[in-house]
Protein chains: 2
Amino acid sequence: MSDPDDSEVYWWRPLEGESEQDTRTKILFSAYKEIHVNGFQAASLNNILAHTGVTKGALYHHFPNKTELGYAVIEEVIADRIFRSFIEPLNKAEDPVQGLISLIEEAGNAFSLRDIQLGCPLGSLAQEMAPIDEGFRLRLNAIYELWHEAIVKGIEKARQSGRLIDEVQSGQVAVMVVAAMEGCISTGMISQDLNRLQYCGEAIIQYLNLIQKKQAKGK
Amino acid sequence: MSDPDDSEVYWWRPLEGESEQDTRTKILFSAYKEIHVNGFQAASLNNILAHTGVTKGALYHHFPNKTELGYAVIEEVIADRIFRSFIEPLNKAEDPVQGLISLIEEAGNAFSLRDIQLGCPLGSLAQEMAPIDEGFRLRLNAIYELWHEAIVKGIEKARQSGRLIDEVQSGQVAVMVVAAMEGCISTGMISQDLNRLQYCGEAIIQYLNLIQKKQAKGK
DNA sequence: GTTGACATACCTACCGGTCGGTATTATAAA
DNA sequence: TTTATAATACCGACCGGTAGGTATGTCAAC
């Protein structure tokens, strides 16, 4: 049931273990895409249904209303994707700062033109819904909080092993990195220019290098 | 015709020379606020009208359709505000980097709780509309472009007077600053925490200090 | 024969947009 | 100075369409 160009969109790539077998999951993923493209408020249930072949009865059997469907998309689709793509790799990284740099480089290369048209599903939804629905805000904020903490932990680790300059605070770096990365994707989206996205990514990497102590490096 | 709490919102403060005398301007400002709160797609013309006392006939006399009203809001309200608040002060600043720092500090202090609930009108609209309407994207991108260029010019000026470290590129710093500032407001909005907004602002300032050459300073 | 998993038909509220009409002002000929 | 004309600014009832949501029915599995 997935469009032919699904794999072209970084954010829509099927992840390991994800197979749209049951009706509920079908709805969830179709809603995820529709919301990513149109935003939550403009997302049409009939559209979501039309893309899956599922009927309205089935939808309202699994979800009490549109809002709860939105919540489920955040909790069961978006959270998982952010975790697997941005948080887990960071927790597992030997050198967290280097891990962060690799993450940014990989994302910069993985994004297609369609990706920068659409922007980050987490960021877009947050921008739209945080001001008008507390349920959305809380759920989205929880994801950001997780991401933030992973970066704090990583930076703190680097700091304690003496690789960072003294004037730097882990929390501040983490906030900065999250903000810059979100802003970086926005910048790419609005300019619709992949080069600018990558250029901005390089600027973040440069920042990450600035806060590291200078040492004899090959480069 | 303005709400009592209008002056509480940084983005809704009446600017010098702005007086809502004629019908067209009334509609424009009401639409600006409605769009800022609900987004463009969810903005209701009837709501916009109800807040002004203007009728639908008047609206469609001045604007051919909702989309063109949205374009007018960008070109005549948002662009002007961004220019006056973020671009002009930068162009006029003696020391542009210091000017940038002041700007960030002032914004951090000026934002109310309501402001960080709503987020940046430019950023929110860009997130929502850039992917789905090229007319919006182009107009919003033009504003970002202006802002970006102002920062490039400022950084370049500082660089040429030898105040910046050598490894830094003006364009890269500008991209980074724009991204970080947008992301900073997003972060504040999602966490709904003024402290975090300011904390993030300080991180940007720290970055700006990192790219400046160290010199004997009073501080 | 009850329950879960749907399918179908339908409801109402509200959306952007239209359209015939009117009040006010500007222009200008008589 | 009056009066005919015309453009501007505005009014508000109304329209088709779509939105989210519901009521009722079907049917296989246990």
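Each chain gets a letter, A, B and so on, in the order the sequences are listed, and its residues count up from 1.
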First encountered from the 5' end of DNA chain D, between N47(A) and P64(A):
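The 5'-side residue here is N47(A).
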Take atom [atom1] of [X] and atom [atom2] of [N], then tell me their distance rounded to the nearest Å.
{"X": "H62(A)", "N": "dG21(D)", "atom1": "NE2", "atom2": "P", "result": "17 Å"}
{"X": "H61(B)", "N": "dG12(D)", "atom1": "NE2", "atom2": "P", "result": "16 Å"}
{"X": "L45(B)", "N": "dT18(C)", "atom1": "CG", "atom2": "P", "result": "12 Å"}
{"X": "L59(B)", "N": "dG12(D)", "atom1": "CG", "atom2": "P", "result": "14 Å"}
{"X": "L49(A)", "N": "dA19(D)", "atom1": "CG", "atom2": "P", "result": "11 Å"}
{"X": "F63(B)", "N": "dC10(D)", "atom1": "CZ", "atom2": "C1'", "result": "14 Å"}
{"X": "K56(B)", "N": "dC15(D)", "atom1": "NZ", "atom2": "C1'", "result": "11 Å"}
{"X": "N65(A)", "N": "dT22(D)", "atom1": "CG", "atom2": "P", "result": "8 Å"}

Contact class for K66(A) (heavy atom, under 4.0 Å): base, sugar-phosphate, or nothing?
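Contact class for K66(A): sugar-phosphate only.
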By the 4.0 Å heavy-atom rule, please label A42(A) as base, sugar-phosphate, or nothing.
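It contacts nothing in the nucleic acid.
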Look at [X] together with [Y] and state whether they make a salt bridge at an N to O cut-off of under 4.0 Å.
{"X": "E145(B)", "Y": "R196(A)", "result": "yes"}
{"X": "D133(B)", "Y": "R137(B)", "result": "no"}
{"X": "R24(A)", "Y": "E76(A)", "result": "yes"}

For [N], take OP1 and OP2 only and decide whether either is under 4.0 Å from a side-chain N or O of [X].
{"X": "S44(B)", "N": "dC14(C)", "answer": "no"}
{"X": "T23(A)", "N": "dA5(C)", "answer": "no"}
{"X": "N46(B)", "N": "dC15(C)", "answer": "yes"}

Quick one, Y144(A) and L122(A) - any side-chain contact, counting heavy atoms below 4.5 Å?
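Yes, close enough: below the 4.5 Å cut-off.
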Distance from F136(A) atom CZ to F40(A) atom CZ, nearest 0.5 Å?
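If we round to the nearest 0.5 Å, F136(A):CZ and F40(A):CZ are 4.0 Å apart.
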